[in-house]
Amino acid sequence: MEFVERTFHIGKISFPYIPGYFSFREGEGTIRAYQKLSNKPDLLMINACGVTHPANAGFASHIGVVLDKPTIGITKRMFCGRAKIPQKENEAQPLYDGGKQRGWLLKVLSETKPIVITVGHRTSIKSCLEITIKCLKGSKMPEPLRLAHRCAGEEKKKWGKSSGT
DNA sequence: GCGACAG
DNA sequence: ATCTTGTCGC
């Protein structure tokens, strides 16, 4: 795995942060940034929920449908669903919501809380976990998300207050 | 029933 | 997300 390209978008936020309604706040900016990519990826890792959502369609799922692209949703804490908490490093526990498994809790590092991995769009329970694990590179969060987050921070510093992660 | 609640 | 001191590990 190696870095290929990065793009970003700066615009005015026109919707407040309301858990459950991410798409309205960050949808446009995310799509704009995606459209600027010269190399379109085969899959998107989104820092938000997938199908573990009150409407079974969190931001990761929503963006996957809009862009017609497979997605995986990864967050630092659960929004919906129930799961046993993995204690041992490398341990994964199934995350259930709406009567079926929709993701995992993965204890990446022994000293930090597990990350939440959820099916977004056109990915499976099995593939979302496998792909995420393949993207781990020593940090709690998978490398693509870590780099994207760092990139956002850099641009934010250059342009001042105006973005949204 | 109440509190908590992806970024 | 944002603010923000001191502390810990590679």
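Computed from a predicted model, the values in this text were never measured in an experiment. Proteins come first, then strands; the chains are lettered A, B, ... in the order of their sequence lines, and each starts at number 1.
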Could you state the atom-to-atom distance from [atom1] of [X] to [atom2] of [N] in whole Å?
{"X": "A:I18", "N": "B:dC5", "atom1": "CD1", "atom2": "P", "result": "16 Å"}
{"X": "A:R25", "N": "C:dT2", "atom1": "CZ", "atom2": "C1'", "result": "11 Å"}
{"X": "A:D97", "N": "B:dC5", "atom1": "CG", "atom2": "C1'", "result": "14 Å"}
{"X": "A:F15", "N": "B:dG7", "atom1": "CZ", "atom2": "P", "result": "17 Å"}
{"X": "A:R77", "N": "C:dA1", "atom1": "CZ", "atom2": "C1'", "result": "10 Å"}
{"X": "A:I13", "N": "C:dT2", "atom1": "CD1", "atom2": "P", "result": "11 Å"}
{"X": "A:K76", "N": "C:dT2", "atom1": "NZ", "atom2": "C1'", "result": "12 Å"}
{"X": "A:L109", "N": "C:dC10", "atom1": "CG", "atom2": "P", "result": "11 Å"}

Checklist entry - Stacking check: are the rings of A:F59 and B:dA6 less than 5.5 Å apart at their centres and under 30 degrees in tilt? => result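 Per 5.5 Å and 30° rule: no stacking.
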Next on the checklist: Is A:F22 stacked against the base of B:dG7, taking the criterion as centroid distance under 5.5 angstrom and interplanar angle under 30°?
Outcome noted: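 Not stacked by the 5.5 Å and 30° rule.
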Checklist entry - Do A:D42 and A:K69 meet the salt-bridge criterion of a basic N to acidic O distance under 4.0 Å? => result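 Salt bridge: no.
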Checklist entry - Quick one: do A:E154 and A:K158 make a salt bridge, cutoff under 4.0 Å? => result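 Between A:K158 and A:E154 there is no salt bridge, as every charged N stays at least 4.0 Å from the carboxylate O atoms.
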Next on the checklist: Applying side-chain contact (heavy atoms from CB on, under 4.5 Å) to A:R102 and A:N56, what does each step give before you reach the verdict?
Outcome noted: CA-CA 10 Å; A:R102 300 182 186 275; A:N56 292 328; 4.0 Å; yes
Next on the checklist: Cation-pi check for A:Y96 against A:K84: NZ or CZ below 6.0 Å from the six-membered ring centre and within 45 degrees of the axis, yes or no?
Outcome noted: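 Ring-cation test returns no.
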Checklist entry - In terms of side-chain heavy atoms of A:K156, which of B:dC5, B:dG7, C:dT2 is nearest? => result C:dT2
Checklist entry - Picking from B:dC5, C:dA1, B:dG7, which would you name as closest to the side chain of A:P19? => result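 For the A:P19 side chain, the nearest candidate turns out to be B:dC5.
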Checklist entry - Can you list, by residue number, the residues of residues 129-138 of chain A that have a non-hydrogen atom closer than 4.0 angstrom to DNA chain B? => result none
Checklist entry - So which of A:F79, A:F15, A:Y17 actually passes ring-ring contact (aromatic ring centres under 6.0 Å, His included) with A:F22? => result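 Of the listed options, the one satisfying the test is A:Y17.
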Next on the checklist: Need one value for A:G20: base, sugar-phosphate or nothing, where a base atom within 4.0 Å counts as base even if backbone is also close, heavy atoms only.
Outcome noted: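 It contacts base atoms.
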Next on the checklist: With a cut-off of less than 4.0 Å, is there a side-chain N or O of A:H149 near OP1 or OP2 of B:dG7?
Outcome noted: no
Item to check | A:R150 and A:E143: CA distance, side-chain angles, deciding distance, salt bridge (Lys or Arg N to Asp or Glu O under 4.0 Å) verdict | outcome: CA-CA 10 Å; A:R150 191 165 66 63; A:E143 201 63 4; over 6 Å; no
Checklist entry - Side chain of A:T123, backbone of A:P70: donor and acceptor closer than 3.5 Å? => result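 Not confirmed, A:T123 side chain does not pair with A:P70 backbone.
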